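Quick caveat: nothing in here was measured; it's all calculated off a predicted structure. Position 1 is the first residue of the sequence, and the numbers go up from there. Heavy atoms only: backbone and side chains are in, while hydrogens, waters and symmetry mates are out.
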Amino acid sequence: MKKFLAKDFDSIEGLTYQEFEDESALGEVRKWRIEEKYDLWKDYKARLEGDNGMDPKSKSGIDGEEAWKNMSKGKGYALRRGLYKLYANDDLDKRLEMTWACAEGSYELKEEGHGEAEFFFMNGYGDSVKISCVRINNLWYLRSFNVGMEKELPKKPKEE
């Protein structure tokens with residue numbers, strides 16, 4: 001949650017459990033797909049831009065083909081999770097800087113050293129973050145991270 005509130009989006013992926021990922025091979029597959037033109041910059045760029053794009057305000061730094069080709073795993077995770085979409089929301093800084101409270105949480109310890117947990121945070125505007133974690137060999141890892149935030153700030157009800 002601290003990384004989210006600090007807009008340190010690219011490092012959130014580093015909190016995930018990665019034992020089964022072969023990062024080197026995944027990098028080679030991505031490189032091959034780009035070289036063989038199965039993945040094209042123009043197609044990816046189209047997914048970044050616009051109101052419904054992954055990066056509508058161009059805050060990720062992926063502003064050209066070379067930046068796309070050399071994109072970090074963390075940057076890709078943040079883009080896929082919609083974290084850069086948040087910059088299109090009204091008063092993002094104001095929304096992140098206000099008080100956030102853990103409104104709900106649960107955990108279940110299974111066998112020794114293993115378990116699951118979920119936390120639900122919200123702020124005064126009704127924005128929310130749901131964090132799901134998994135415990136493996138006594139270490140907690142991020143499983144998923146989902147943000148609920150409307151583009152516009154909610155309107156205050158009119159007093160009569």
Participant: Please tell me whether F121 and L96 are part of a single hydrophobic cluster in this structure, the criterion being side-chain heavy atoms less than 4.5 Å apart.
Facilitator: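 Yes, F121 and L96 fall within the same hydrophobic cluster.
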Participant: Can you see whether S58 engages D55 through a side-chain donor-acceptor pair at a distance of less than 3.5 angstrom?
Facilitator: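 Note: S58 and D55 side chains miss the donor-acceptor criterion.
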Participant: Do R135 and L109 have side-chain heavy atoms sitting under 4.5 Å apart?
Facilitator: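 The answer is yes, as the side chains (C-beta and beyond) meet within the 4.5 Å cut-off.
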Participant: Determine whether more than 12 heavy atoms belonging to other residues, nucleotides or ligands lie under 6.0 Å from atom CD of E49.
Facilitator: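 Yes, CD of E49 has more than 12 neighbouring heavy atoms, counting only those of other groups under 6.0 Å.
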Participant: Assign the ring pair W32 / Y38 to parallel, tilted or perpendicular, where the plane angle (0 to 90°) is split at 30° and 60°.
Facilitator: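 Correct class here is parallel.
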Participant: Taking the inter-plane angle between the rings of Y84 and Y87 on a 0 to 90° scale, is it parallel (under 30°), tilted (30 to 60°) or perpendicular (over 60°)?
Facilitator: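 Y84 and Y87: parallel rings.
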Participant: Quick check on D51: does its CG atom have over 12 non-hydrogen neighbours (other residues, nucleotides or ligands) under 6.0 Å away?
Facilitator: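 Atom CG in D51 is not packed in, count stays at 12 or less.
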Participant: State, without any angle test, whether N89 and Y125 hold a side-chain donor-acceptor pair at a distance under 3.5 Å.
Facilitator: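 The answer is no; no qualifying pair exists.
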Participant: Please report the closest heavy-atom contact between K85 and P56, naming both atoms and the distance.
Facilitator: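 Here K85 and P56 meet closest at CA-CD, 3.8 Å.
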Participant: Heavy atoms only: give me the nearest R143-R81 pair and the separation to one decimal.
Facilitator: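 So the minimum-distance heavy-atom pair works out to O-NH2, 4.2 Å.
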Participant: Can you confirm whether N146 sits close enough to V129 that some side-chain heavy atom of one is under 4.5 Å from a side-chain heavy atom of the other?
Facilitator: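 No. Closest side-chain heavy atoms not under 4.5 Å.
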Participant: Counting only heavy atoms not in N52, do more than 12 sit closer than 6.0 Å to its CG atom?
Facilitator: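 Not more than 12 within 6.0 Å, no.
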Participant: Examine L48 and L86 and state if one hydrophobic cluster contains both, with Ile, Leu, Val, Met, Phe, Trp and Tyr joined whenever side-chain heavy atoms are less than 4.5 Å apart.
Facilitator: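 Linked within one cluster.
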Participant: Taking NZ in K151 as the centre, count heavy atoms belonging to other residues, nucleotides or ligands within less than 6.0 Å. Is the count above 12?
Facilitator: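 Count over threshold, so yes.
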Participant: Determine, for W68 and R30, whether the Lys NZ or Arg CZ falls below 6.0 Å from the six-membered ring centre while staying within 45 degrees of the axis.
Facilitator: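 Yes, R30 sits over the ring of W68.
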Participant: Check this for me: Q18, atom CD, are more than 12 non-hydrogen atoms of other residues, nucleotides or ligands nearer than 6.0 Å?
Facilitator: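 Above 12, so yes.
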Participant: Go through S128 and V147 one step at a time and tell me if the side-chain contact (heavy atoms from CB on, under 4.5 Å) criterion holds.
Facilitator: CA-CA 6 Å; S128 64; V147 179; over 6 Å; no
Participant: Going through the checks in order, is the salt bridge (charged side-chain N to carboxylate O under 4.0 Å, His left out) test met by D8 and K2?
Facilitator: CA-CA 8 Å; D8 187 4; K2 287 179 184 178; over 6 Å; no
Participant: Decide whether L142 and F120 are clustered together by the hydrophobic rule: side chain heavy atoms of Ile, Leu, Val, Met, Phe, Trp, Tyr closer than 4.5 Å, transitively.
Facilitator: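 In one cluster: no.
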Participant: Find out if a path of hydrophobic residues (ILVMFWY) with successive side-chain heavy-atom gaps under 4.5 Å connects F145 to V134.
Facilitator: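 No, F145 and V134 fall in different hydrophobic clusters.
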Participant: If every non-hydrogen atom of D10 is compared with every non-hydrogen atom of A78, which pair is closest and at what distance?
Facilitator: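 Minimum heavy-atom contact is OD1-CB, 3.8 Å.
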Participant: Report yes or no: do F4 and M122 belong to one cluster of Ile/Leu/Val/Met/Phe/Trp/Tyr joined by side chain heavy-atom distances under 4.5 Å?
Facilitator: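 In one cluster with F4: M122, no.
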Participant: Would you find more than 12 non-hydrogen atoms of other residues, nucleotides or ligands less than 6.0 Å from Y107 atom OH?
Facilitator: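 No - once you tally the heavy atoms of other residues, nucleotides and ligands closer than 6.0 Å, there are 12 at most.
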Participant: What closest approach, in Å, do N137 and H114 show between heavy atoms, and which atom pair accounts for it?
Facilitator: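 Distance-wise, the nearest heavy atoms are N-CE1, 3.3 Å.
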Participant: Closer than 4.0 angstrom, basic N to acidic O: yes or no for E13 and K73?
Facilitator: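 Here E13 pairs with K73 in a salt bridge, since their nearest N and O are under 4.0 Å apart.
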Participant: Tell me the closest heavy-atom pair linking N123 and R95, and the distance in Å.
Facilitator: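 That closest heavy-atom pairing would be ND2-O, 3.2 Å.
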Participant: More than 12 foreign heavy atoms under 6.0 Å from CD of E36: is that the case here?
Facilitator: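 Counting other residues, nucleotides and ligands, CD of E36 exceeds 12 neighbours.
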